[in-house]
Amino acid sequence: MKQELIQKGFEYAKEVYAAQGVDVEKAMEQAAKFAISLHCWQGDDVIGLESEAGGTSGGIQTTGNYPGRARSGDELRQDFLKAISLIPGKKKLNLHASYAELHGRKKDRDAYTKEDFADWMAFSRENKLPLDFNPTYFGHPFVADGFSLSSRDEKHRRFWIEHGKRCREIGEAFGKAQGESCVINFWMPDGYKDTPADTDTPRRLMREALDEIFESTKAIGAPDVLDAVESKLFGIGVESYTVGSGEFMLGYAVSRGKLLTLDTGHFHPTEQVSDKLSAVMQYLPKILLHISRPVRWDSDHVVSWDQETSRIFNEIIANGYEDRVLCALDYFDASINRVAAWVIGVRNAQKAILSAYLTNHAKLRKAEVEGDFTSRLALQEDYKALPFGPVWDMYCLKQGVPVENEWLDIVKQYEKDVLSKR
Ligand code: RNT
Ligand code: ZN
């Protein structure tokens, strides 16, 4: 019955879109090829698996205490599988180094190897989920003073440089095993709460540290590994100065041939990442996105299908950047069911992708070139009311995942059977 209704709605929608010059079948095929890297850290509030003492620091914070958090690698993988069974589209799995499973081995982050990620590699293989990777420069005693790669403490800085090298070796192992690039994202929280007296030294130290990591592991690179550097404006307790600022990371990426990571929560509130894409793409072959939802600050709320998320995917698709802009999500909400948080955020990103493929960008651009800004605005606004819902439902059906909010009952059941017993 439901399927018949969806079919009916879909036939109608197909005609409406065709009249706008859009091929709905093709849009669904294209959307299905667009990969999103799903962050493992939504499942356990960014605590990680190294020890009970893990967790966030360096200006990021998970708030909320909804029951059912994954407390082990097995629980996290179980929850992740449940989430992805409810999400359409192509997926990768994004891991942090703090998700190493040491199984009693006594070692620190400067000594990690691919063996410490053997369970994740097996999971990746079995579920056809290629891995991406992140060195973890937070949640560790050696960054307690707020500095990692730019630390003036020689011992700490050396430790973090070694960590970066180990992560490139691990990323290479991932890339080779999966026959597809592993994207390694470097985000360092380094910075000061209050006005610094010397802004230059930490930036020089960070530049030299990054250079040493890449130089001493230079045999590692594409296609196994793609390196990215993530900029940031501020964090809690790091309000006045961030070493890896926008200009610092842009300059680093351009001069060293790295990807630049643009996180949607890492800029002033009126700046938009959607507007930055075509600007940085003039100078960079590839970039990485961290799609999040900043509410008043870099709060990392669950991704919403909001205007900015739509604009970002419109930019990627209208400009044909699909192979050059890699997409990862970055949020962590502990105030709601964490599996639902994954499903809601990723499905929202997928809606924005499908909707961007259902937009007649050529028509909008023609109006613009002709100076017909009236039509440009009229069409942009009217597109919002086209019958997207039935196409989304059909897309979910084709992808073998629940339509509408049927997934919610499944998550509630999972909460009852599994999460509530933790
Ligand atoms: C922090 C950065 C960073 C982290 C993750 C956990 O502000 O956005 O990407 O959120 O690496
Ligand atoms: Zn980020």
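Numbering of ligands and ligand atoms starts at 1, following listing order.
For Asn185, no nitrogen or oxygen atom sits less than 3.5 Å from a nitrogen or oxygen atom of ligand 1, counting backbone and side chain alike. The distance criterion of under 3.5 Å between nitrogen or oxygen atoms is not met by Trp187 with respect to ligand 1.
Counting only heavy atoms from C-beta outward, the side chains of Arg166 and Lys107 never approach each other to under 4.5 Å. Contact of the Phe142 side chain with the Lys155 side chain is registered, since non-hydrogen atoms from C-beta on lie closer than 4.5 Å.
Here Asp300 has no heavy atoms under 4.0 Å from ligand 1, in either its backbone or its side chain.
Between the side chains of Tyr66 and Glu415, at least one donor N or O lies within less than 3.5 Å of an accepting N or O. Between the side chains of Asn134 and Asn94, at least one donor N or O sits under 3.5 Å from an acceptor N or O. Counted by atom type alone, Trp305 and Ser310 present one or more donor-acceptor pairs between their side chains at under 3.5 Å. For the residue pair His290 and Ser292, no side-chain donor N or O sits within less than 3.5 Å of a side-chain acceptor on the partner.
Excluding waters, the protein N/O/S atoms found under 2.8 Å from the Zn ion (ligand 2) are Glu230 OE2, Asp263 OD2, His290 ND1, Asp330 OD2.
For the pair Lys351 and Phe388, the cation does not sit on the ring face, since its NZ or CZ is not both under 6.0 Å from the ring centre and inside 45° of the axis. Under a cutoff of 6.0 Å and an axis angle of 45°, Lys114 and Phe174 do not form a cation-pi pair.
One option in His96, Met188, Lys232, Gln61 has a heavy atom closer to atom 7 (O) of ligand 1 than any other, and that option is Lys232.
Residue-ligand proximity, Asp298 to ligand 1, at heavy-atom distances under 4.0 Å covers atoms 7 (O). Within the listing of ligand 1, atoms 1 (C), 7 (O) sit less than 4.0 angstrom from a heavy atom of Ile60. Near His290, meaning under 4.0 Å from any of its heavy atoms, are these atoms of ligand 1: 9 (O). Numbered from 1 in the order shown, with element, the atoms of ligand 1 that lie under 4.0 Å from a heavy atom of His266 read 1 (C), 2 (C), 7 (O), 8 (O). Contact atoms of ligand 1 toward Asp263: 8 (O) (distance under 4.0 Å to a heavy atom of the residue).
Not a single heavy atom of His39 sits less than 4.0 Å from an atom of ligand 1.
Residues satisfying the ring pair (Phe, Tyr, Trp, His ring centres under 6.0 Å) test with Tyr241, not counting sequence neighbours, are Tyr192.
Val273 pairs in a side chain to side chain contact (heavy atoms under 4.5 Å, CB included) with only one of the listed residues (Val280, Leu262, Thr309), which is Leu262.
Here CG of Asp79 is found 11.0 Å from CG of Asp74. Values are rounded to the nearest 0.5 Å.
Atom 9 (O) of ligand 1 has Glu230 OE1, 2.7 Å as its closest protein atom, hydrogens excluded (heavy atom only). The protein atom (non-hydrogen) at minimum distance from atom 8 (O) of ligand 1 is Asp330 OD2, 2.8 Å.
Note on ring orientation: taking the six-membered ring where Trp is involved, the planes of Phe80 and Phe123 are perpendicular (angle over 60°, cut-offs 30° and 60°).
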